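Source: prediction; values computed, not measured.
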Amino acid sequence: MGNPVYRTSLALLTDLYQLTMAYGYHRTGAAEQEAVFHLTFRKSPFGGEYALACGLATAIDWLEDFHFAADDLEYLATLTGSDDKPLFDDHFLAMLGVLELACDIDAVPEGTVVFPHEPLIRVQGPLVHCQLLETALLNILNFQTLIATKAARVCHEAQGDPVLEFGLRRAQGIDGGLSASRAAFAGGCAATSNLLAGKLYDIPVKGTHAHSWVMTFDSELEAFAAYAGALPNNCVFLVDTYNTVDGVRHAIEIGLLLRKQGAEMVGVRLDSGDLAELSIQARKLLDEGGFPEARIVASNDLNEQLIRDLKQQGAQINVWGVGTQLATAYDQPALGGVYKLAAIREPGEDWRYKVKLSEQAIKISNPGVQQVRRYLKDGKFLGDSIYDEPTGIAEPPSILLGEPLPRTVTFDAADDSTDLLVPIFRQGKRVYHPPRLTEVRERARQQLAGLSPAVTRLFNPAPYPVGLERSLYELKASLVAAAREGQV
């Protein structure tokens with residue numbers, strides 16, 4: 001931990017309405033009620049059937065340093081309402097000044113495959129504390145989960161070829177670039193061009209030269225020779241500044257000179273044109289020129305669909321540089337995660353379970369102190385049960401799928417199972433040690449291997465069985481009916 005990017009007070013990384021609600025709870029005496037919130041998403045991104053949880057370590061770093069600094073309180077004291085009077089009173093601001101988080105927080109470890117409506121994080125504690133965490137947790141986990149999922153999809157289509165993340169220059173700001181590089185590596189990318197991410201997160205970094213290097217010299221051959229002289233151990237030549245095929249020939253010529261000096265050309269990069277045809281031509285030239293081991297790197301606005309198409313066309317590409325489409329989640333720029341109240345109680349009393357209604361079934365929230373149990377057999381995932389932890393799971397274990405006529409899926413009690421949410425904080429103190437990012441990446445690889453290929457395929461993926469445990473399903477149905485009748 002200890003990432004210096006998050007070493008200052010960031011308690012104001014939130015929406016104003018979190019503070020106005022916190023103030024309202026404070027004024028009405030509700031602040032110390034105990035609440036349970038869950039962070040979930042409603043629909044898998046990119047037209048797929050899964051997501052890859054990411055961002056927890058960043059969230060932990062933010063949570064551990066959560067506090068309102070003196071200048072935060074000074075700023076809040078300047079805010080006024082419609083009558084030009086202070087929005088918050090001095091007593092509330094003083095309370096914020098000494099506030100220390102006292103929440104129990106459970107979360108799905110990074111690199112875990114997750115599905116719609118499953119809690120990625122469960123926050124339990126004083127109502128004001130829970131409320132103040134909402135926006136930042138959503139900000140951190142929404143984006144990193146989105147990018148990790150995109151990276152997993154890209155790497156899946158690359159079929160084992162290394163994927164390099166090159167998206168910093170078009171990412172959404174400094175933190176967007178850092179978060180994207182981190183999440184892309186967790187999702188399976190082999191390296192990044194982002195040096196700051198390499199330093200902060202210990203991600204391998206890759207990069208050679210741009211078109212401007214070639215254009216600086218009077219000829220492409222002179223440019224390649226100069227680069228080889230300066231960095232003989234880092235020679236991937238960008239060959240499309242003028243004529244790609246000629247560029248490959250020039251790279252071979254300089255590569256032969258390098259070899260005489262005891263160094264070896266790594267390969268060439270294609271950044272424009274018909275990548276399939278050009279890569280085939282480049283491979284032929286490289287092989288005939290004595291460089292059968294030289295790699296062909298491709299870039300140029302690649303995504304998982306284009307990589308799949310190029311593979312089907314027989315492209316001879318060994319390494320894929322993916323930038324804008326990955327780092328910005330170009331085709332779906334937001335995950336759409338939500339943070340919803342699911343239970344509340346006075347200290348020492350029983351939980352009162354809550355649901356949010358909507359005319360859209362997908363937006364009706366789930367009640368309870370939720371946990372997710374995953375059933376497995378021979379290392380393959382069978383399905384997930386969202387259940388109320390205090391109530392437990394009825395036997396035989398089963399889930400209900402679909403609205404309004406649910407279908408029941410029953411699991412064998414002999415099947416292996418594991419609960420996904422693990423303790424992260426207890427009473428505001430961290431009890432979890434985040435794994436290294438390389439371990440997160442390996443976990444993601446293993447998790448994706450646990451899914452059926454039908455679930456991970458790019459087009460028309462099969463749905464994965466995830467639903468509410470029977471007793472929770474029935475509880476939700478009764479709460480929805482009562483709410484619609486105005487009895488809540």
* Asked: In terms of heavy-atom contacts, does CZ of R27 have more than 12 from other residues, nucleotides or ligands at under 6.0 Å?
  -> no
* 4.5 Å side-chain heavy-atom contact, L127 and E32 -> no
* **R470 side chain to T408 side chain, donor-acceptor N/O pair below 3.5 angstrom** => yes
* To do: First locate atom CG of L458, then atom CD1 of I307, and finally report the distance between them rounded to the nearest 0.5 Å.
  => 10.0 Å
* Asked: Is R426 atom CZ crowded by more than 12 heavy atoms from other residues, nucleotides or ligands, each under 6.0 Å away?
  -> yes
* Does L326 offer a backbone N or O that forms a donor-acceptor pair with the side chain of E165 under 3.5 Å? -> no
* **Neighbour count above 12 (heavy atom, 6.0 Å) for D83 CG** => yes
* To do: Begin from the C-alpha positions of H211 and D271 and carry the test side-chain contact (heavy atoms from CB on, under 4.5 Å) through to its verdict.
  => CA-CA 10 Å; H211 296 105; D271 190 49; 3.4 Å; yes
* So which heavy atom on I203 is nearest to which on T192, and how close? -> CG2-CG2, 3.6 Å
* Structure fact -> CG of D415 to CG of L376, rounded to nearest 0.5 Å, is 8.5 Å
* Is the Lys NZ or Arg CZ of K150 less than 6.0 Å from the centre of F46's six-membered ring, within 45° of the axis? -> yes
* Asked: In terms of the angle between their ring planes, are H26 and F92 parallel, tilted or perpendicular, with boundaries placed at 30° and 60°?
  -> tilted
* What do the steps show when you test D419 against Y387 for side chain to side chain donor-acceptor pair (under 3.5 Å), and what is the final call? -> CA-CA 10 Å; D419 284 354; Y387 71 96; 2.7 Å; yes
* Heavy atoms only: give me the nearest P435-Y432 pair and the separation to one decimal. => CD-OH, 3.5 Å
* To do: Would you tell me whether R373 and S385 have side-chain atoms, one donor and one acceptor, within less than 3.5 Å of each other?
  => no
* Asked: Is it the case that Q131 and Y25 place a side-chain donor and acceptor less than 3.5 Å from each other?
  -> yes
* Backbone of N366 reached by a side-chain donor or acceptor of Q370 within 3.5 Å -> yes
* Asked: Just checking, any donor-acceptor pair under 3.5 angstrom between side chains of Q33 and R352?
  -> yes
* To do: Measure the spacing between CD1 of I140 and OG1 of T145 and express it to the nearest 0.5 Å.
  => 11.0 Å
* Heavy-atom distance under 4.5 Å between the side chains of E304 and W320, does that happen here? -> no
* To do: Decide side-chain contact (heavy atoms from CB on, under 4.5 Å) for D106 and I121; before the verdict, give the C-alpha distance in whole Å, the side-chain angles of both, and the deciding distance to 0.1 Å.
  => CA-CA 6 Å; D106 297 76; I121 288 186; over 6 Å; no
* Is there side-chain contact between V369 and W351, with heavy atoms separated by less than 4.5 Å? -> yes
* To do: Say whether, by atom type as modelled, one donor and one acceptor occur between the side chain of R457 and the main chain of N460 under 3.5 angstrom.
  => yes
* Checking S179 side chain against G176 main chain: does a donor-acceptor pair fall under 3.5 Å? -> no
* K311 vs D161 side-chain heavy atoms within contact, under 4.5 Å -> yes
* **Where L87 and L16 come nearest, the two heavy atoms and their spacing** => CD2-CD1, 4.2 Å
* Answer yes or no: is there a donor N or O on one side and an acceptor on the other, between the side chain of Q360 and the main chain of I362, under 3.5 Å? => no
* Asked: If you measure from the Lys or Arg side-chain nitrogens to the Asp or Glu carboxylate oxygens, is any gap between D202 and R436 under 4.0 Å?
  -> yes
* Write down the atom of S272, the atom of N300, and the distance for their closest heavy-atom approach. => CA-ND2, 3.8 Å
* Is S358 reaching over with its side chain to a backbone N or O of I364, donor-acceptor style, under 3.5 angstrom? -> no
* Take Q18 and T135, measure what side chain to side chain donor-acceptor pair (under 3.5 Å) needs, and give me the verdict at the end. => CA-CA 8 Å; Q18 309 294 5; T135 299; 3.0 Å; yes
* For Y17, does its backbone N or O pair with a side-chain atom of D15 as donor and acceptor, under 3.5 Å? -> no
* **N/O donor-acceptor pair under 3.5 Å between S478 side chain and L475 backbone** => yes
* Has the side chain of R441 got a donor or acceptor atom that lies under 3.5 Å from a matching backbone atom of G188? -> yes
* Asked: With distance as the sole test, does T112 use its side chain to make a donor-acceptor pair with the main-chain N or O of V108 at under 3.5 Å?
  -> no
* Looking only at heavy atoms, which two atoms of H67 and D72 are closest? And how far apart? -> O-OD2, 4.0 Å
* Asked: So how far is it from L200 CG to L437 CG, rounded to the nearest 0.5 Å?
  -> 11.5 Å
* Dump the intermediate steps for side-chain contact (heavy atoms from CB on, under 4.5 Å) on L13 and F66, then the final yes or no. => CA-CA 10 Å; L13 181 64; F66 181 89; over 6 Å; no
* For D71, does the CG atom sit with more than 12 other heavy atoms under 6.0 Å from it, leaving out its own atoms? -> yes
* **Inter-residue atom distance E34.CD - I344.CD1, 0.5 Å rounding** => 9.5 Å
* Asked: Is the closest side-chain heavy-atom distance between D388 and E469 below 4.5 Å?
  -> no
* When you check the gap from the basic side-chain N to the acidic O, do E389 and R122 get nearer than 4.0 Å? -> yes
* Step by step, work out the side-chain contact (heavy atoms from CB on, under 4.5 Å) result for V338 and F41. => CA-CA 6 Å; V338 295; F41 61 94; over 6 Å; no
* To do: State, with a plain yes or no, whether a side-chain heavy atom of H209 is found less than 4.5 Å away from one of L238.
  => yes
* To do: Evaluate the criterion side chain to side chain donor-acceptor pair (under 3.5 Å) for residue pair Q144 and T58; output intermediate values, then yes/no.
  => CA-CA 9 Å; Q144 290 200 38; T58 306; 3.0 Å; yes
* Asked: With a 3.5 Å cut-off and no angle check, do the side chains of T208 and N234 form a donor-acceptor pair?
  -> no
* Asked: Taking the side chain as C-beta and beyond, is there a heavy-atom pair between V114 and Y50 under 4.5 Å?
  -> no
* What's the spacing between L270 CG and S299 OG if we round to 0.5 Å? -> 8.0 Å
* With a 4.0 Å cut-off, would you call E110 and R443 a salt bridge? -> no
* Measure across P367 and Y353 and return the closest heavy-atom pair with its distance rounded to 0.1 Å. => CB-CB, 4.0 Å
* Asked: Is the NZ or CZ atom of R374 positioned over F381's six-membered ring, under 6.0 angstrom from the centre and within 45° of the axis?
  -> yes
* Can you sort out the partners of Q446 under side chain to side chain contact (heavy atoms under 4.5 Å, CB included), two or more places apart, ordered by chain and number? => E442
* Flag side-chain contact, heavy atom, 4.5 Å: E118 against D384 -> yes
* Is there a salt bridge (charged side-chain N to carboxylate O under 4.0 Å, His left out) between D350 and R345 once you walk through the steps? -> CA-CA 6 Å; D350 293 336; R345 66 182 176 186; over 6 Å; no
* Donor-acceptor pair between S44 and E49 side chains, under 3.5 angstrom -> no
* Any chance you could lay out the side chain to side chain donor-acceptor pair (under 3.5 Å) test for D89 and Y23, step after step, and finish with the verdict? => CA-CA 9 Å; D89 65 26; Y23 184 51; 3.1 Å; yes
